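Computed from a predicted structure; not experimentally measured.
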Amino acid sequence: MAVLLLAEVTGGELSVDATAKAVSAAKALGDVTVLAAGASAAAAGEAAAKIDGVSKVLVAEDASLGHRLAEATAALIVSLADGYEHIVAPATTDAKNVMPRVAALLDVMVLSDVSGVVDGSTFERPIYAGNAVQTVKSKDAKKVITFRTSTFDAAGEGGAAPVETISVGANPGLSEWVEDKVAASDRPELTSAGIVVSGGRGVGSEADFKLIEALADKLGAAVGASRAAVDSGYAPNDWQVGQTGKVVAPQLYVAVGISGAIQHLAGMKDSKIIVAINKDEEAPIFQVADFGLVADLFQAVPELTEKLG
Amino acid sequence: MKVLVPVKRVIDYNVKVRVKADGSGVDLANVKMSMNPFDEIAVEEAIRLKEAGKADEIVVVSIGVKQAQETLRTALAMGADRAILVVAADDVHTDIEPLAVAKILAKIVEEEQPGLVLAGKQAIDNDMNATGQMLSALLGWSQGTFASELNVEGDHALVTREVDGGLQTIKVKMPAIITVDLRLNEPRYASLPNIMKAKKKPLDEKTAADYGVDVSPRLEIVKTEEPPARAAGIVVGSVDELVAKLKEAGAV
């Protein structure tokens with residue numbers, strides 16, 4: 001049994017954390033072949049070959065794959081599908097764009113956001129914003145899966161898999177890339193950060209989000225936000241933690257001024273240690289927090305920033 | 001241009017989900033149901049395209065139980081022109097999988113020939129995030145998923161997408177499938193006169209068999225459980241105590 005794993009490649013670089021977590025989930029299913037696709041993907045392929053548990057790497061380079069446009073990427077994967085029982089990827093926005101398209105082209109159902117592997121055809125996945133966990137058994141010959149990275153540990157380094165360059169078919173030409181607006185930041189990436197500090201509606205304004213950022217920078221943490229804070233315009237959407245944003249599971253998650261709506265909890269409740277700072281002692285966030293501090297965040301956060309480190 | 005908008009009847013956004021004790025699923029009997037919030041945004045966007053003179057007809061489709069006609073009436077009250085209900089299940093607990101939904105929608109697209117399909121990026125019940133991409137694959141159309149901005153300009157559309165790390169803008173060839181994300185717009189409420197008017201708008205009732213699509217599931221549901229609960233934590237009295245606890249736990 002063999003697994004084809006779509007590596008997370010952005011701008012020619014491998015996202016090691018997301019890819020290594022998917023490798024760790026996929027190893028139980030069979031020999032893992034990693035596909036590194038992009039306008040330039042050779043370096044990403046070399047990096048993927050070092051991930052422990054990878055048995056082979058395929059590198060596909062073509063301008064049409066440059067920005068992970070779904071049509072070209074899905075066509076490439078489908079052309080490689082023979083011989084693989086599982087076609088998998090980390091559940092990033094790129095993979096969520098591509099993998100259902102792959103599944104439909106193969107006439108199989110997709111298994112999105114899988115959080116647990118029971119056996120080769122049986123998987124666990126969260127539904128209803130994480131309020132329930134469903135175990136499903138696929139009857140399809142091929143299983144197309146995205147893995148929720150926050151629930152798997154990253155596979156280590158130490159592999160030395162052979163790397164093969166493959167040819168790419170004609171570009172379906174259905175869409176083209178125009179531009180990316182990626183916020184430049186020295187902070188760690190939200191989904192792979194060891195510490196995340198998030199602010200909610202209680203922070204009150206975009207300007208006051210600086211308090212959250214200062215605490216995050218002191219801890220070397222990524223900055224997150226609740227959907228309420230994003231909707232209120234205090235923080236950009238790519239900071240959003242929750243069912244409709246990113247799912248994170250850092251070693252330490254600090255929730256500031258976040259009430260703890262179900263949809264936010266779905267995005268962070270697998271964190272190892274959760275700290276909640278909120279002036280409302282009835283806030284549901286305290287029910288999942290390991291350490292709760294009932295306090296005015298405008299006093300507590302600067303004090304915490306000062307006293308840490 | 002005709003715009004097709006698939007809408008799904010799901011548990012209301014504000015209702016606390018209860019997992020049935022026998023592990024067979026989530027209890028949906030006598031629970032408030034509403035239109036999937038992402039689908040509301042898709043309906044709103046279609047109406048705005050019509051108001052801007054870029055669309056001339058909005059057709060809404062729902063696939064599921066007969067009660068989904070309430071969801072379609074809501075879409076009609078918001079401003080859609082007509083509705084198609086595809087009855088594919090008898091029990092409210094039966095969820096038609098995205099692949100089967102996409103196959104039925106593909107048949108409807110063949111019949112209706114829309115220039116654009118606007119769909120929610122995911123349904124808040126099964127959280128699959130798949131139907132739009134699957135429909136796009138079956139039709140061989142271009143796809144723009146997770147849209148936070150949409151500009152239709154003749155034979156193409158510019159779609160700004162919510163992606164990890166920021167925003168991506170792509171140009172898709174029309175006809176296209178666009179799936180919408182939260183920030184695209186804020187859906188309107190239907191006014192009472194429009195709710196009354198919606199009752200008279202045409203609603204066609206079909207079945208999955210009318211389209212020759214087999215809706216039997218590919219994924220057998222083995223069990224549905226509550227997620228593991230977190231152990232209760234402690235409330236600390238001061239920032240100093242918090243810092244001490246974090247150091248003790250090796251977290252900082």
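Of the N and O atoms on the side chains of Ser136(B) and Arg101(A), at least one donor lies less than 3.5 Å from an acceptor on the other residue. Remark: the Asn129(B) side chain and the Ser112(A) side chain contain no N/O donor-acceptor pair separated by less than 3.5 Å.
Heavy atoms closer than 4.5 Å to chain A are found in both the backbone and the side chain of Ile221(B). Interface remark: Ile124(B) contributes backbone atoms only to the contact with chain A (heavy atom separation under 4.5 Å). Contact annotation for Ala295(A): neither backbone nor side-chain heavy atoms come within less than 4.5 Å of a heavy atom of chain B. In this structure, chain A has heavy atoms under 4.5 Å from both the backbone and the side chain of Val236(B). Using a 4.5 Å cut-off between heavy atoms, Glu124(A) makes no contact with chain B at all. Contact of Ala74(A) with chain B is not made at all, since no heavy-atom distance falls under 4.5 Å.
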* **Verdict with supporting geometry, Thr145(B) and Lys96(A), side-chain contact (heavy atoms from CB on, under 4.5 Å)** => CA-CA 9 Å; Thr145(B) 50; Lys96(A) 287 177 174 179; over 6 Å; no

* For Ile127(A) and Thr224(B), what are the C-alpha separation, side-chain angles and deciding distance, and is it a side-chain contact (heavy atoms from CB on, under 4.5 Å)? -> CA-CA 9 Å; Ile127(A) 56 172; Thr224(B) 306; 4.2 Å; yes

* To do: Given side-chain contact (heavy atoms from CB on, under 4.5 Å), test Glu220(B) with Lys139(A) step by step and report yes or no.
  => CA-CA 7 Å; Glu220(B) 178 199 331; Lys139(A) 299 176 198 166; 3.9 Å; yes

* Take Met109(A) and Met128(B) through the test side-chain contact (heavy atoms from CB on, under 4.5 Å) and record every step on the way to the result. => CA-CA 10 Å; Met109(A) 250 308 281; Met128(B) 281 284 187; 3.6 Å; yes

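A salt bridge links Lys103(B) to Asp107(A): at least one charged side-chain nitrogen sits closer than 4.0 Å to a carboxylate oxygen.
Of the possible polar contacts, one joining the Glu71(A) side chain to the Gln143(B) backbone as a donor-acceptor pair under 3.5 Å is found. Within the 3.5 Å criterion, the main-chain N or O of Asp164(B) finds a donor-acceptor partner in the side chain of Thr93(A). The backbone N or O of Lys269(A) lies less than 3.5 Å from a partner atom in the side chain of Arg230(B), making a donor-acceptor pair. In this structure, the side chain of Arg125(A) engages the main chain of Asn126(B) through a donor-acceptor pair within 3.5 Å.
Heavy-atom pairs under 4.5 Å with chain B peak, among Gly292(A), Gly194(A), Ser185(A), Ala289(A), at Gly292(A).
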